[in-house]
Amino acid sequence: QVQLVESGGGLVQAGGSLRLSCAASGRTLSSYTMGWFRQAPGKEREFVGGISWSGGTTLYEDSVKGRFTISRDNAKNTVYLQMNSLKPEDTAVYYCAARGRGGIYYNHRMYDYWGQGTPVTVSS
């Protein structure tokens, strides 16, 4: 079983950047495909992007393509979400999630382990 802890959220002005981190413990992160999700107040949890266990494949939701980048450092047991050109509509609680090696899924129900989330607020 793996435990996940997100960090790096905060308040930023539109156009700014943040880097979120997701640190894993309990098991090596290289055993897992990772996803980033977000949930705004009153809305469903939505897929932001994902990265394969090796880091060789990434997928992104259309609204963040070209602005967000997911990377991983398996030696540090950490996954990152670099967010640039932030918009007010990116405001949400951001979660990282893990599932066994395999495909990257858009459906949050396909992920087995979740962090507690880190809030991101983008002011206009």
Side-chain angles (χ1 to χ4, degrees):
Q1 188 162 335
V2 63
Q3 292 80 44
L4 304 172
V5 178
E6 302 94 336
S7 62
L11 174 64
V12 63
Q13 288 189 331
S17 298
L18 283 175
R19 188 176 81 156
L20 306 185
S21 298
C22 173
S25 62
R27 288 195 66 179
T28 177
L29 206 57
S30 62
S31 299
Y32 298 95
T33 291
M34 301 297 295
W36 282 97
F37 291 79
R38 64 187 180 187
Q39 189 166 18
K43 293 190 175 182
E44 296 278 325
R45 188 166 298 192
E46 67 171 355
F47 177 79
V48 174
I51 187 167
S52 62
W53 66 271
S54 67
T57 301
T58 53
L59 290 175
Y60 298 94
E61 193 268 331
D62 285 347
S63 70
V64 308
K65 283 180 182 176
R67 300 189 298 124
F68 290 11
T69 303
I70 297 173
S71 61
R72 66 191 299 160
D73 186 337
N74 286 339
K76 294 184 178 180
N77 248 20
T78 303
V79 176
Y80 304 96
L81 177 64
Q82 177 68 44
M83 305 187 294
N84 298 328
S85 302
L86 282 161
K87 304 175 181 180
E89 51 263 43
D90 294 319
T91 295
V93 177
Y94 283 71
Y95 300 88
C96 67
R99 64 183 309 274
R101 289 183 179 184
I104 300 168
Y105 286 84
Y106 284 67
N107 187 338
H108 63 88
R109 295 177 180 83
M110 298 300 292
Y111 292 78
D112 302 305
Y113 305 103
W114 291 82
Q116 83 290 348
T118 185
V120 171
T121 302
V122 184
S123 63
S124 57

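The figures here come from the full heavy-atom set of this structure, side chains too, leaving out hydrogens, waters and symmetry mates. Numbering of residues begins at 1 and proceeds along the displayed sequence.
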Exercise for the section: Taking all heavy atoms of C22 and all of M34, pick out the closest pair and write down the distance. Expected result: SG-CE, 4.1 Å

Exercise for the section: Check for a donor-acceptor pair, side chain of T121 on one end and backbone N or O of T91 on the other, with a separation under 3.5 Å. Expected result: no

Problem - Contact check, side chains of V48 and E61, non-hydrogen atoms, under 4.5 Å - result: no

Handout entry: Heavy-atom neighbours of R27 CZ exceed 12 at 6.0 Å
Key = no

Handout entry: Distance, nearest 0.5 Å, that separates CG of L18 from CD of Q82
Key = 8.5 Å

Exercise for the section: Measure from NZ or CZ of R19 to the centre of the six-membered ring of Y80, then state whether that distance is under 6.0 Å and the direction lies within 45° of the axis. Expected result: yes

Handout entry: Considering all heavy atoms, the nearest G9-L20 contact
Key = N-CD2, 3.5 Å

Handout entry: D90 side chain reached by M83 side chain, heavy atoms, under 4.5 Å
Key = no

Practice task
For residues Y60 and T69, determine if any side-chain heavy atom of one lies less than 4.5 Å from a side-chain heavy atom of the other.
Solution key: yes

Problem - OG on S124 to CD on E89, rounded to 0.5 Å - result: 10.0 Å

Completion exercise
Here the gap from R101 atom CZ to W53 atom CH2, rounded to the nearest 0.5 Å, amounts to 4.0 Å

Exercise for the section: Using the six-membered ring wherever Trp is involved, compare the ring planes of W114 and Y95 and label them parallel, tilted or perpendicular (cut-offs 30° and 60°). Expected result: perpendicular

Problem - Minimum side-chain heavy-atom gap T118-S7 below 4.5 Å - result: no

Problem - Backbone of Y105 reached by a side-chain donor or acceptor of Y111 within 3.5 Å - result: yes

Practice task
Flag yes if M110 and Y106 sit in one hydrophobic cluster, no otherwise; membership is Ile, Leu, Val, Met, Phe, Trp, Tyr, and two members link when side-chain heavy atoms are under 4.5 Å apart.
Solution key: yes

Completion exercise
Nearest heavy-atom contact between A24 and L4 is CB-CD2, 3.8 Å

Practice task
Would you check if Y113 and Y32 make a side-chain contact, meaning some heavy-atom pair closer than 4.5 Å?
Solution key: yes

Practice task
Taking all non-hydrogen atoms of both residues into account, name the closest pair between G117 and V93 and its distance.
Solution key: CA-CG1, 3.8 Å

Handout entry: Same apolar cluster: V79 and V5, side chain cutoff 4.5 Å
Key = no

Problem - Nearest non-hydrogen partners of S30 and N74, listed with the distance - result: CB-ND2, 3.6 Å

Handout entry: Which atom of L59 lies closest to which atom of I104, heavy atoms considered
Key = CD1-CB, 3.9 Å

Problem - Donor-acceptor contact below 3.5 Å, side chain R72 vs main chain S52 - result: yes

Exercise for the section: Using modelled atom types only, decide if a donor and an acceptor are shared between the side chain of N77 and the backbone of L29 within a distance under 3.5 Å. Expected result: yes

Handout entry: Any donor-acceptor N/O pair, T33 side chain to R99 backbone, under 3.5 Å
Key = no

Practice task
Under the side chain to side chain contact (heavy atoms under 4.5 Å, CB included) rule, what do E6 and Q116 come out as? Steps first, then yes or no, please.
Solution key: CA-CA 7 Å; E6 302 94 336; Q116 83 290 348; 3.0 Å; yes

Exercise for the section: Kindly indicate whether the side chain of W36, heavy atoms from C-beta on, has any atom under 4.5 Å from the side chain of I51. Expected result: no

Practice task
Decide whether R38 and Y94 meet the rule of one side-chain donor and one side-chain acceptor closer than 3.5 Å.
Solution key: yes

